[in-house]
2 protein chains.
Amino acid sequence: MNALATHVPMPATLPAQQAMAAAGPIDIEELSRHVQVLRRKLAPGQHVYRAGQPFHAIYLVHAGFLKTCELSEDGRERVTGFRMRGDLVGVESIGLAHYACDVVALDDSEIWELPYPPVLHACLQLPELQIRLTAALAGEIRNDRAWMLALGTLTAEQRVAAFLLDMAERHLRLGFSPRHFLLRMGRADIASFLGIKHETVTRALSRLDRLQCIDVQRREIRLLDTDGLRRMAGQGETLH
Amino acid sequence: MNALATHVPMPATLPAQQAMAAAGPIDIEELSRHVQVLRRKLAPGQHVYRAGQPFHAIYLVHAGFLKTCELSEDGRERVTGFRMRGDLVGVESIGLAHYACDVVALDDSEIWELPYPPVLHACLQLPELQIRLTAALAGEIRNDRAWMLALGTLTAEQRVAAFLLDMAERHLRLGFSPRHFLLRMGRADIASFLGIKHETVTRALSRLDRLQCIDVQRREIRLLDTDGLRRMAGQGETLH
DNA sequence: ACCCTGTGTAACAGTCGGTAACAGTCGCGC
DNA sequence: GCGCGACTGTTACCGACTGTTACACAGGGT
């Protein structure tokens, strides 16, 4: 996810990780000399792509907010992540003939479409691009693994706390306030992502509010006691 | 959710897809002409690498059985996957200065060390290698996502059933019997991977045994009713 | 033989899911 | 502007599943 245009990342919520070695922003100007970059705007609810559609491009989120959904043949569905500006979308489907999941805009968004075979070809002339693409994929794996760790070892309330810290971290990285932000997704999406029920998300948020850790007004979140949240999420104290 | 068409339920039967499945194996002959491949043998319990050690290579499992462990600063630990012949190890750390997790042999194993900068460099001369490496990384992401879906939507018993089916599938792919195999890891490792407790794993296995779905003798597993297991794991019938 | 680890079983406790009723918000049409 | 209806979010209660704790047994290694 956090990819070409941004610096590194790791789920801040989880085990802190070092910055991606040498991974600075990629030069979109340079890339667009090799690849035809198409801009697409999306309204909330619109799909970037759906599972099963022919794979032909990866996407860079330029603005807005999206979710990626994994689905199984028997109807189970799960949100596997949320994407914001700078994140790459579609990399999980590289190497397949068809996309493997759904990506849906949760807010008005703009994404840049990077046709895939051309990107691969450009890598041969821009070694730097190849390094960054590979690193972005690896970062995605680490991100998923970090959440797997969290989801497998934390209680429902801890997961919610970790989720809020992750959102705060990502908002901070994009230059927004990490203490006061708006959730762009509903309780159901958060619940799906965290592997719990939406009522449980509500309950956890209510309790964190009662404990003075946060202030919740529906989708408006204020972090009042970040260290308290961190302790709760099973993470050591960090700053900010 | 959208029952609207265009969806080709793509998800593989199980979170079984291996990293290499998408693109076929890397041509080691060709690769070794560009990269110095070092063979290492490991006894059970030995580490391929530990989190924090300098990153310098990725590995191809040639024989044996290993586990990858994610750890957090506050001591939580979790098995994020098991690796067998043909699987790549270490790709999650690409782009970092240090490895991000532990990899431990669970059985006598042999791995081939592929120094990383040389691999990257070789990609420039072997486009096919780049495609395969990228596809392997993407496959790894899909594998993780598929398990995230499973762990977030299935009960403990369903997870165990899904786990057994996954092991069966992988044994089959390597040419071993998918109906009768030996688990190389202990209950604790299975539990950690599935995000449940080892007693729960035991309970689930005992119940599946009682239901005549499987036959368990400590680490020796026989699948008696594969379709029953699939139904239980929330997957449609498939063959084999 | 001994110890130590891994595995199996059981009783109990706690969290979380299931269900339902209610409240607040938003969009829509009148 | 107002009211209606659909949707989202909130809260409560109950029960099931899973975690906890404890103990016994088997197997491998020393």
Side-chain angles (χ1 to χ4, degrees), chain A residues 43-45 67 76-79 104 106-108 150-164 182-211 214-222 232-234, chain B residues 1-2 43-45 65 67 76-79 104 106-108 150-164 182-211 214-221 232-234:
Chain A
K67 65 174 175 180
R76 281 177 297 134
E77 178 180 347
R78 181 158 176 202
V79 175
V104 190
L106 293 172
D107 201 354
D108 287 303
L151 302 188
T153 57
L154 301 181
T155 66
E157 194 171 305
Q158 291 177 311
R159 297 182 201 190
V160 173
F163 172 75
L164 291 176
L182 227 54
L183 297 175
R184 304 326 204 312
M185 75 298 282
R187 299 290 190 266
D189 283 333
I190 300 175
S192 174
F193 177 66
L194 296 178
I196 55 184
K197 296 299 165 190
H198 67 93
E199 293 92 334
T200 305
V201 172
T202 291
R203 281 189 281 257
L205 288 174
S206 298
R207 213 175 91 85
L208 291 175
D209 183 305
R210 213 175 311 127
L211 293 175
I214 62 176
D215 180 75
V216 190
Q217 301 289 340
R218 301 186 68 80
R219 298 193 178 184
E220 186 180 0
I221 303 287
R222 258 175 236 275
M232 198 158 301
Chain B
M1 57 174 275
N2 302 315
F65 203 87
K67 66 174 175 181
R76 282 175 297 133
E77 177 180 346
R78 181 157 176 204
V79 175
V104 190
L106 292 172
D107 200 354
D108 287 303
L151 301 188
T153 57
L154 301 181
T155 66
E157 194 171 305
Q158 291 176 311
R159 297 182 201 190
V160 172
F163 172 75
L164 291 176
L182 227 54
L183 297 174
R184 307 320 206 312
M185 75 298 282
R187 298 290 188 268
D189 283 333
I190 300 174
S192 173
F193 177 66
L194 296 178
I196 54 183
K197 295 299 166 187
H198 68 91
E199 291 90 337
T200 305
V201 173
T202 292
R203 274 197 285 251
L205 287 174
S206 299
R207 213 173 93 85
L208 290 175
D209 183 305
R210 211 176 311 127
L211 293 175
I214 62 176
D215 179 74
V216 191
Q217 302 287 347
R218 302 183 69 80
R219 296 192 179 186
E220 186 181 359
I221 303 287
M232 197 158 301

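FYI, side chains are in, hydrogens and waters are out, and symmetry mates aren't considered; it's all heavy atoms of this structure. Proteins come first, then strands; the chains are lettered A, B, ... in the order of their sequence lines, and each starts at number 1.
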When you look at B:L164 and B:L205, which way does the side chain to side chain contact (heavy atoms under 4.5 Å, CB included) test go after all the steps?
-> CA-CA 10 Å; B:L164 291 176; B:L205 287 174; 4.0 Å; yes

Specify the separation, in whole Å, of atom CZ of B:R76 and atom P of D:dG19.
-> 16 Å

Could you state the CG-C1' distance from A:L154 to C:dT15, rounded to the nearest angstrom?
-> 14 Å

Round to a whole Å and report the spacing from NZ of B:K197 to P of C:dG8.
-> 18 Å

Which residue lies more 5' along DNA chain C, comparing A:G195 with A:R218 via nearest heavy atoms = A:G195

What is the distance from CG of B:L194 to C1' of D:dT18, rounded to the nearest Å?
-> 14 Å

Interatomic spacing from CE in B:M185 to CG in B:L182 - rounded to 0.5 Å | 10.0 Å

Can you check the A:R210 CZ to D:dT10 P distance for me, whole Å?
-> 12 Å

Examine C:dG17: is either OP1 or OP2 under 4.0 Å from a nitrogen or oxygen in the side chain of A:T200? Give yes or no.
-> yes

Value in whole Å for how far the P atom of C:dT25 lies from CD of A:Q217 = 9 Å

Report which part of the nucleic acid A:I196 touches: base, sugar-phosphate, or nothing (heavy-atom distance under 4.0 Å, all strands).
-> sugar-phosphate

Ranking D:dT18, C:dT7, C:dG17 by distance to the side chain of B:A156, first place goes to D:dT18

Rounded to the nearest angstrom, tell me the gap between atom NE2 in B:H198 and atom C1' in C:dG8.
-> 10 Å

Using a cut-off of strictly less than 4.0 Å, decide whether B:R187 has a side-chain nitrogen or oxygen near OP1 or OP2 of C:dG8.
-> yes

Closest of D:dG9, D:dT21, C:dA20 to the A:T202 side chain is D:dG9

Residue A:V216, side-chain heavy atoms: nucleotide from D:dT10, D:dG19, D:dT11 that is nearest | D:dT10

From D:dT10, D:dT20, C:dT9, nucleotide with atom closest to A:S206 side chain = D:dT10

Is any NZ, NE, NH1 or NH2 atom of the basic residue among A:R222 and A:E220 found under 4.0 Å from an Asp or Glu carboxylate oxygen of the other?
-> yes

Side-chain heavy atoms of A:V160 within contact of A:I196, under 4.5 Å = yes

In whole Å, what is the span from the CE atom of B:M185 to the P atom of C:dG6?
-> 14 Å

Any donor-acceptor N or O pair under 3.5 Å, side chains B:T153, A:R78 | no

B:R219 side chain: which of C:dG24, D:dT18, C:dG6 is closest?
-> C:dG6

